[in-house]
Structures are given as C-alpha cells and as structure tokens.
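Working notes for the structure below.
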2 protein chains.
Amino acid sequence: MKPPSEKSAGRRKSRPSFEPLQSHEIELADFFVRMAGILGVPRSVAEIYALLYVSSGPLDFDHIQGRLGMSKGSVSQGLKFLRDHEMILSVKEKGARRERWQPTPSLAASLVALLRSQVLPALEQAQPSLQRVLADVQKLGAQPEVIERLSRLNRWNSRALELAPLLLPPPGA
Amino acid sequence: MKPPSEKSAGRRKSRPSFEPLQSHEIELADFFVRMAGILGVPRSVAEIYALLYVSSGPLDFDHIQGRLGMSKGSVSQGLKFLRDHEMILSVKEKGARRERWQPTPSLAASLVALLRSQVLPALEQAQPSLQRVLADVQKLGAQPEVIERLSRLNRWNSRALELAPLLLPPPGA
DNA sequence: CTGATGTTTCAATAATTTTTGAACCTACGC
DNA sequence: GCGTAGGTTCAAAAATTATTGAAACATCAG
C-alpha cells in the first residue's frame, strides 16, 4: 500500500527526484494550455511544450516526466504529438543513449504546422461533399437563396484550398 | 411505458411529426460539424446551424427540435450560442408568438465573431501573465536564449492585441 | 388576472476525451 | 547473442464536456 518514500529509495537506482515546477513555469504552462485549448490540443501536450520552452537546455524523457509529474504514457504520446507537428527537435549527443528535446526555433512555424494539419484535411475532405450537396439542392429545385448560399460555400472552400499552400506552406517549401 | 404512437396522437395537440433529415442535409451537417470541431464548437450547435443554412425560410424552435431530433435543452442552448456569436437572426412576424431563425447573411462575419470571442480574451488575459514570467526569468538569471524566447513571445502577444481590432473587427465597427 | 404557449435553466446522465500504468517492444553496449 | 535502458502501446480508469428532460420562468392573448 505504502510506496517507498522518495528519500529512502533503494540503493540500486537512485530515483532522481525532480524539482516541482516553479511559479513562473506554472504561469507559462497555463498560458500555453489556454492557447492550446483553442485548437483542441490536450493539456499534457501544452505542458510539455511549455516546460521545454522555459528550460535552458534540452530535456530528456525522465526529466519531463519527473518535473511535470505525469505518466510515461502521457509523456510518450505528448512528445510524439509535438514531434509529428514539428514543434520540437531531438538533440542526441553522440554516444548517448537517450534523446533530449527542445522547442524548434520558430513557434510561428510550429503553429502553422499545427493549423495546417487540422484545417487542410477538413477542407480537402469537404470539397466533393459540398459539391454533391449543391448538386442535390439544385436537382431538388430549392429556393435560389439556398442555392446561392451553397454556391458561395463551395467557392470559399475552393479558394481556401488554393490559398492554403501559400498561407500554410508545407514543411518542405 | 409505451408513448402514444405518432399517428394515433390525441385530438387536442396534433404532434406535428417532422421529416427526418435528407441525405444532403446530413452531408452538410457533417461538414459543419467537422469545421466546428476544429474550433471546439459542439456538434449540436453545428447541426442547428447547418439545418438553418440549407433551409429555404427561417425555422422555429419546434421545427429545429423535430427535424434534428434533439432535446429542447440542446436547441435552446444551441440557439443561444449562435445568437451570442451573431451567427443567426430572428425573424419574428408581427402578431406571431414564436421566433423563427435564419443564418446571418455573412458566414465570414460569423466566423470572425466566433474567432474573436475565443482568441481575444485569451490574448488579453495572457498579457500581464507573460510579462511576469519574463520578469521572473530575468531576475532568476536564466540563459539569454530563454529570455530571448520569452521576449519574443511577449512582443507577439502585444502585436496580436494591437492587430486584433483590425483583423477581427468588433461587431459595432 | 389567468391560462396556455414558448423558452430557459440546471441537475442528472451520457458521451467523449485524456491520462494512467503495466505489458510489451527495440536497439544498443557488452 | 543477452540483458537492459529507453521508449511505445493500449485497455482500463479518470476527467471533462455535451445532452437530456423535467421543472421553473416569461410573456402574450383573452
């Protein structure tokens, strides 16, 4: 029932025991959590990013887990998310086993990648769907007003798809 | 236990019985639900908007509830949300008791209002917080790299706040 | 007023999303 | 190869968010 206390941990593996977050770290995390929330990014991911953001050097897996007090699973998934969206970089020293992480230089670029990954697929998937809907209401002889609305929606979607590569340039360009 | 069947409803109040959604209506709803999801807007709200969007005239409370098959509570809250974000208008005929709803003319303006309401408060609230964080890390003598990052974040936030009124103009301007 | 219609509120429930942790991989140094 | 540090997976639990529906409220016609 009672887990071994931090201090009396066995000899074999001196459980490092990390500092709890400092108030400025918490405050920054709150900021990132809030912003992330708008885009539907989970709290744990935002916390990891915030920690890396205020840290002087790159941090490894165990430090992140220790300082944030979250589970391995969350850290692993969070890092995966941040990696996939090109928001962090691994800095592996030669001869070292573990990876260490830091934010990519540009937060702006990171946000663009994030937006891209959310919005673009939706726009692409919508295209044929919207065209079908428009065709349907035309066939069914709907009011001109409704047809006009749906036409406009279609045009918007097309334009957004054309513009997307410019506004949200893909990583390799 | 057994509710009175649709057809055999009592004389007094001929329960109207609304048509189920047609396939093109469902498809459009899916589109709006998807897009709304990106901004964290709940499904029921998106469905209401979609229905009004493909409907020829304004719809009243009962029609919305009936055709979408959702509860009174959801319809009420959904309409409140859409009203608050200026995404729908009520068209009450004189002498009529119930309100009837239709989308505002510009979906673009609606989206702007929505974004505004999500992003602006976050930016405003963040301002003092970010400044405190920056002050703290300076006082604590952090690495120049970290200080630089946080300075940049601060500048961004300030600029975003300045620009916001231009990009996301408030309703009355 | 009064009664009925139309709408809102909100506590309870349902649905969804996030987090956890233990089992399971994987690759590297030996 | 072998053992193990380092990390991933994923089913179950916890936390959060959305929906329901019955009761309360508001407003208008009579």
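Each chain gets a letter, A, B and so on, in the order the sequences are listed, and its residues count up from 1.
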Inset, instruction - Examine distances only and state if a side-chain atom of Glu27(A) and a backbone atom of Arg132(B) form a donor-acceptor pair shorter than 3.5 Å. - result: no

Legend entry - Rounded interatomic separation in angstrom, taking CZ from Phe81(B) and P from dT17(D): 15 Å

Legend entry - Aromatic Tyr53(B) / basic Arg149(A) pairing, under 6.0 angstrom, 45° off normal: yes

Legend entry - Residue pair Gln131(B) / Asn154(B), side-chain donor-acceptor N/O under 3.5 Å: no

Legend entry - Between dT5(C) (C1') and Lys92(B) (NZ): distance, integer Å: 13 Å

Inset, instruction - Output yes when at least one side-chain N/O atom of Ser44(A) is less than 4.0 Å from OP1 or OP2 of dT19(C), else no. - result: yes

Inset, instruction - Look at the side chain of Arg97(B) against the base of dT27(D) and say whether a donor-acceptor pair falls under 3.5 Å; ignore hydrogens and angles. - result: yes

Legend entry - Step-by-step side-chain hydrogen bond (donor to acceptor under 3.5 Å, both in side chains) determination, Thr104(A) to Ser110(A): CA-CA 7 Å; Thr104(A) 44; Ser110(A) 299; 3.0 Å; yes

Inset, instruction - Look at the side-chain N and O atoms of Arg83(A) and state whether any lies under 4.0 Å from the OP1 or OP2 oxygen of dG7(D). - result: no

Inset, instruction - Report yes if some heavy atom in the side chain of Ser117(A) is under 4.5 Å from a heavy atom in the side chain of His85(A); otherwise report no. - result: yes

Inset, instruction - Determine, for Lys80(A) against Asp84(A), whether the closest basic-nitrogen to carboxylate-oxygen distance falls under 4.0 angstrom. - result: yes

Legend entry - Whole-Å gap separating C1' (dC10(C)) and CD (Gln77(B)): 9 Å

Legend entry - Carboxylate-amine/guanidinium contact Arg100(B) Asp60(B), below 4.0 Å: no

Inset, instruction - Remember a base hit wins even if backbone is also touched, and classify Glu99(B) as base, sugar-phosphate or nothing at under 4.0 Å, heavy atoms. - result: sugar-phosphate

Inset, instruction - For Arg100(A), answer base if it contacts any base atom (sugar-phosphate contacts may also be present), sugar-phosphate if it contacts only those atoms, and nothing otherwise; contact means non-hydrogen atoms under 4.0 Å. - result: nothing

Inset, instruction - Measure the distance from NZ on Lys80(A) to P on dT9(D) and round it to the nearest whole Å. - result: 7 Å

Inset, instruction - In whole angstrom, give the distance that lies between atom CD of Glu47(A) and atom P of dT18(C). - result: 13 Å

Inset, instruction - Calculate the interatomic distance between Ile48(B) atom CD1 and dT7(C) atom C1'; express it in whole Å. - result: 13 Å

Legend entry - Side-chain N,O (Arg43(B)) to OP1/OP2 (dT17(C)) below 4.0 Å: no

Inset, instruction - For DNA chain C, find the residues of residues 64-72 of chain B with a heavy-atom distance under 4.0 Å and give them by number; none if there aren't any. - result: Lys72(B)

Legend entry - Any Ser76(B) side-chain nitrogen or oxygen under 4.0 Å from OP1 or OP2 of dT7(C): no

Inset, instruction - Check the distance between dT4(D)'s P and Asp62(A)'s CG and give it to me in whole angstrom. - result: 18 Å

Legend entry - Interatomic distance where CG belongs to Leu59(B) and C1' belongs to dG6(C) [whole Å]: 16 Å

